[in-house]
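The next block holds one structure in the form of structure tokens; read it before the comments.
We count ligands from 1, going down the list as the structure has it; atoms in each ligand are counted the same way.
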Amino acid sequence: MSDCIFCKIVKNEIPCDLVFENEKVSAFLDVRPSAPGHTLVVPKEHHEDLLVTPDILLLESMRVIKKVAKAAMEATSAEGFNLIANTLPAAGQVVFHTHFHIIPRFSNDGLKHWPHKEVLKEEQQKIKDAMNKQLSAQPF
Ligand code: AMP
Ligand code: ZN
């Protein structure tokens with residue numbers, strides 16, 4: 001993808017603050033961090049979002065995420081981290097090349113948590129039905 005900023009970064013066409021790379025995955029600091037050590041883990045091959053990314057690349061990304069998250073926590077003395085994949089515009093995705101945010105967290109760091117609402121049984125059934133539809137089209 002010629003106009004994709006993350007493709008350009010992983011091909012070293014534009015600079016980044018790299019913390020790790022291997023053949024398939026790159027990890028670099030987010031240019032507008034939500035917390036110190038906020039790192040993006042990016043499969044090098046271009047796919048628009050998590051849902052259309054091949055499983056093998058997601059597995060490799062997760063292997064890297066575990067190590068980079070540990071390193072980011074150690075480096076910043078964080079007490080935890082959030083792993084976030086904003087997927088599609090309604091969820092705030094602005095760069096359409098699959099990536100995962102690792103955001104180091106501290107107690108009382110002031111970052112907002114999700115709101116908690118009532119669980120609806122109807123949602124459970126609808127999600128189960130949608131899962132069954134997917135699985136009958138394409139089993140695991
Ligand atoms: P999103 O698509 O909402 O998950 O967010 C994309 C993230 O990429 C944002 O947090 C940006 O700050 C970050 N970002 C955009 N351009 C760059 C860049 N050149 N280097 C590092 N991070 C970037
Ligand atoms: Zn790309």
Side-chain angles (χ1 to χ4, degrees):
M1 280 287 285
S2 54
D3 59 347
C4 170
I5 191 155
F6 286 179
C7 279
K8 288 181 183 158
I9 288 177
V10 300
K11 288 181 197 149
N12 294 319
E13 290 171 8
I14 61 171
C16 72
D17 298 311
L18 191 74
V19 298
F20 174 81
E21 70 176 327
N22 65 17
E23 199 194 325
K24 302 250 176 254
V25 180
S26 224
F28 50 86
L29 297 184
D30 193 303
V31 79
R32 293 178 63 223
S34 299
H38 181 164
T39 303
L40 300 174
V41 174
V42 182
K44 290 185 173 180
E45 198 172 279
H46 182 88
H47 298 280
E48 284 203 355
D49 62 51
L50 179 151
L51 291 178
V52 296
T53 303
D55 291 354
I56 189 75
L57 281 181
L58 296 177
L59 285 172
E60 184 59 25
S61 300
M62 202 53 78
R63 272 168 27 97
V64 172
I65 284 165
K66 276 177 76 174
K67 294 198 186 312
V68 171
K70 226 173 137 179
M73 282 181 63
E74 189 179 322
T76 59
S77 303
E79 299 156 71
F81 68 94
N82 289 117
L83 173 63
I84 298 173
N86 297 324
T87 305
L88 298 170
Q93 185 177 4
V94 295
V95 174
F96 292 91
H97 177 131
T98 302
H99 59 279
F100 298 90
H101 296 255
I102 295 170
I103 304 177
R105 297 297 306 272
F106 306 83
S107 330
N108 308 317
D109 60 15
L111 292 181
K112 284 202 185 108
H113 285 284
W114 307 106
H116 295 284
K117 302 188 174 175
E118 294 278 306
V119 69
L120 296 175
K121 276 288 165 202
E122 170 186 311
E123 293 162 359
Q124 180 195 10
Q125 195 53 54
K126 282 186 181 169
I127 294 169
K128 284 170 81 175
D129 292 347
M131 279 299 286
N132 288 334
K133 201 167 90 188
Q134 274 191 64
L135 292 175
S136 54
Q138 191 177 34
F140 274 119

Polar contact flag, side-chain donor to acceptor under 3.5 angstrom, Q125-K128 = no
Is there a side-chain contact between [X] and [Y] in this structure, where contact means two heavy atoms from C-beta onward sitting under 4.5 Å apart?
X: H101; Y: L40; value: yes
X: F6; Y: C16; value: no
X: N22; Y: V64; value: yes

Counting only protein N, O or S atoms and ignoring waters, those under 2.8 Å from the Zn ion (ligand 2) are C4 SG, C7 SG, H46 ND1, H97 ND1
Near [X], which atoms of ligand 1 are under 4.0 Å from a heavy atom of that residue?
X: N86; answer: 1 (P), 3 (O), 4 (O)
X: V94; answer: 1 (P), 2 (O), 3 (O), 5 (O), 6 (C)
X: I5; answer: 19 (N)
X: H101; answer: 1 (P), 4 (O), 5 (O), 7 (C), 10 (O)
X: R32; answer: 12 (O)

Inset, instruction - Decide if the gap between the ring center of H97 and the ring center of H99 is smaller than 6.0 angstrom. - result: no
Taking the non-hydrogen atoms of [X], is any one of them nearer than 4.0 angstrom to ligand 1?
X: G92; result: yes
X: H99; result: yes
X: I9; result: yes
X: F96; result: no
X: L29; result: yes

Would you say V31 has any N or O atom under 3.5 Å from an N or O of ligand 1, going by distance alone? yes
Does an N or O from V95, backbone or side chain, lie closer than 3.5 Å to an N or O of ligand 1? yes
Considering all heavy atoms of both residues, which atom of [X] and which atom of [Y] are nearest to each other, and what is their separation?
X: L88; Y: Q93; answer: N-OE1, 2.7 Å
X: A78; Y: R105; answer: CB-O, 3.5 Å
X: H47; Y: V52; answer: ND1-O, 3.7 Å

E21 side chain to S26 main-chain N or O, any donor-acceptor pair under 3.5 Å?
no
- So, the side chain of T53 versus the backbone of L58: is there a donor-acceptor pair under 3.5 Å, distance only? no
shortest atom 11 (C) of ligand 1-to-protein heavy-atom contact is with D30 OD1, 3.4 Å
Pair E60 + R63, salt bridge at N-O below 4.0 Å:
yes
Worksheet item: Do you reckon V42 sits in the same ILVMFWY cluster as V19, going by side-chain contacts under 4.5 Å, direct or chained?
Response: no
Under 4.0 Å between heavy atoms, the region of F6 that gets near ligand 1 turns out to be side chain
Partner of H38 under side chain to side chain contact (heavy atoms under 4.5 Å, CB included), picked from I102, N82, L29, D30, is D30
